[in-house]
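Here's the structure, in structure tokens; my notes come after.
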Amino acid sequence: MITHSAPELGSAPRLALLSGQSAPALVSRHARVAAKLAAAQREVLLVSSLSDPVTTPHRIDHANLRRGVRYRMLVPDHVRITAGPARRLGKLAQAGALIRTMPAVPIEALVVDGVFAILPDERQDDIAVLRLPSVVGAVTELAERLWPAAVPLTASDLPDTAGPAVRDRELLALLSAGCTDESAAAALGVSVRTVRRMVSSLMNRLGARSRFQAGVKAADRGWLAERAS
């Protein structure tokens, strides 16, 4: 069933509510969103917690990237160390998608070519396709404001496993004990430059904006406890 607000004669509908009642809801929504994404010509902007099928990556995204559609994605920090999402996002990053993470995303939305926005319905069985310039502009502006403060994510930030390597855990333990880069380098038998590169990599994987925040996030993930045990 497709319903929309009454448009002016000869104009495209500004709002469409796409319902999956005639077929399994999630399959219908996924297919409809994929069809909308297939029409992208310039850019797809995605803000997603990756918990709703509407705003999770679609197979069509890779096809779009291959034909030159620009992708920008804002997702939560936790995806960096969650194996499944990490692998999917890593493949998109390798294909050219620009991905950044933040502690939590404030909305679930897709914006295609700056022309329309796709939002999941609260009832979890519909999607709203919005062409109102004020709505599309508001979602886009929100993403643009969040983008500079979010941490870039690249394929190299996403390892095959969710946890850190043994050497990374050793470095985290040394730093949490108050060691300087110099003393940590001496303990690990590497250069100070290598330690700083390792710290930068760990911060990127954790989505941390400071060393202190990296320590907190590592402790929250149990990485320090894992080594102690």
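For clarity, every value in this text was computed on a predicted model and none was experimentally measured.
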request  = Can you measure from CD (Glu43) to CG (Asn64) and round to the nearest 0.5 angstrom?
outcome  = 12.0 Å

inquiry  = I need the minimum non-hydrogen distance between Ala86 and Val79, along with the two atoms involved.
reply    = CB-O, 3.5 Å

request  = Report yes or no: does Asp113 contribute a side-chain atom to a donor-acceptor pair with the main-chain N or O of Arg42 at less than 3.5 Å?
outcome  = yes

key: Under 3.5 Å: donor-acceptor pair, side chain of Ser176, backbone of Leu172   = yes

message = Working note: Tyr71 + Leu65, criterion side-chain contact (heavy atoms from CB on, under 4.5 Å); need CA distance, chi angles, decisive distance, verdict.
response = CA-CA 7 Å; Tyr71 267 70; Leu65 285 162; 3.7 Å; yes

request  = Is it possible for you to say whether Val115 and Val44 belong to one hydrophobic cluster, with membership spreading through side-chain heavy-atom contacts below 4.5 Å?
outcome  = yes

query = Which heavy atom in Leu142 sits nearest to a heavy atom in Pro106, and how many Å separate them?
reply = CD2-CG, 4.0 Å

ask   = CZ/Phe116 to CG/Leu130 distance, rounded to the nearest 0.5 angstrom?
value = 10.5 Å

request  = Looking only at non-hydrogen atoms, find the nearest pair between Thr55 and Leu50 and report the distance.
outcome  = O-CD2, 4.3 Å

note = Heavy-atom closest pair (Met102 atom, Leu146 atom, distance to 0.1 Å) is CE-CD2, 3.7 Å

note = Note: Leu89 and Pro57 closest approach over all heavy atoms is CD2-CG, 4.5 Å

query = Between atom CG of Leu98 and atom CH2 of Trp147, what is the distance when rounded to the nearest 0.5 Å?
reply = 5.5 Å

ask   = Shared ILVMFWY cluster between Leu92 and Leu153, side chains joined below 4.5 angstrom?
value = yes

message = Quick one, Met198 with Asp168, criterion side-chain contact (heavy atoms from CB on, under 4.5 Å). Give me CA distance, side-chain angles, the key distance, then yes/no.
response = CA-CA 7 Å; Met198 292 169 66; Asp168 290 330; 3.6 Å; yes

ask   = When clusters are formed by joining ILVMFWY residues with side-chain heavy atoms under 4.5 Å apart, either directly or through shared neighbours, do Leu132 and Val136 land in the same one?
value = yes

remark   = Separation between OG1 (Thr140) and CZ (Arg145), nearest 0.5 Å, reads 12.5 Å

request  = Would you sort out whether Glu144 and Arg72 count as a side-chain contact (heavy atoms from CB on, under 4.5 Å), showing the intermediate values?
outcome  = CA-CA 10 Å; Glu144 295 289 0; Arg72 289 191 296 158; 2.7 Å; yes

ask   = Got a second to check how far His58's NE2 is from Arg88's CZ, nearest 0.5 Å?
value = 11.5 Å

ask   = Taking all non-hydrogen atoms of both residues, which atom of Pro103 and which atom of Pro76 are closest, and how far apart?
value = O-CB, 4.1 Å

key: Approximate separation, where rounding is to 0.5 Å, of Arg169 CZ and Leu202 CG   = 11.0 Å

message = Taking Asp181 first and then Arg211, would you say they form a salt bridge - that is, a charged N and a carboxylate O separated by under 4.0 Å?
response = yes

request  = Would you mind reporting whether Glu108 and Leu119 have side-chain heavy atoms less than 4.5 Å apart?
outcome  = no

request  = May I ask you to decide if Val54's main-chain N or O and Asp52's side chain share a donor-acceptor pair within less than 3.5 Å?
outcome  = yes

query = Just wondering, more than 12 heavy atoms not from Arg67 lying within 6.0 Å of its CZ?
reply = yes

task = Examine Met203 and Val151 and state if one hydrophobic cluster contains both, with Ile, Leu, Val, Met, Phe, Trp and Tyr joined whenever side-chain heavy atoms are less than 4.5 Å apart.
result = no

inquiry  = Go through it in stages, so that I can follow the logic: the residues are Lys36 and Val112, the test is side-chain contact (heavy atoms from CB on, under 4.5 Å), and I'd like the CA-CA distance, side-chain angles, deciding distance and then a yes or no.
reply    = CA-CA 8 Å; Lys36 292 292 183 182; Val112 179; 5.5 Å; no

ask   = For Met73, which of Ile99, Leu45, Leu110 qualifies under side chain to side chain contact (heavy atoms under 4.5 Å, CB included)?
value = Ile99

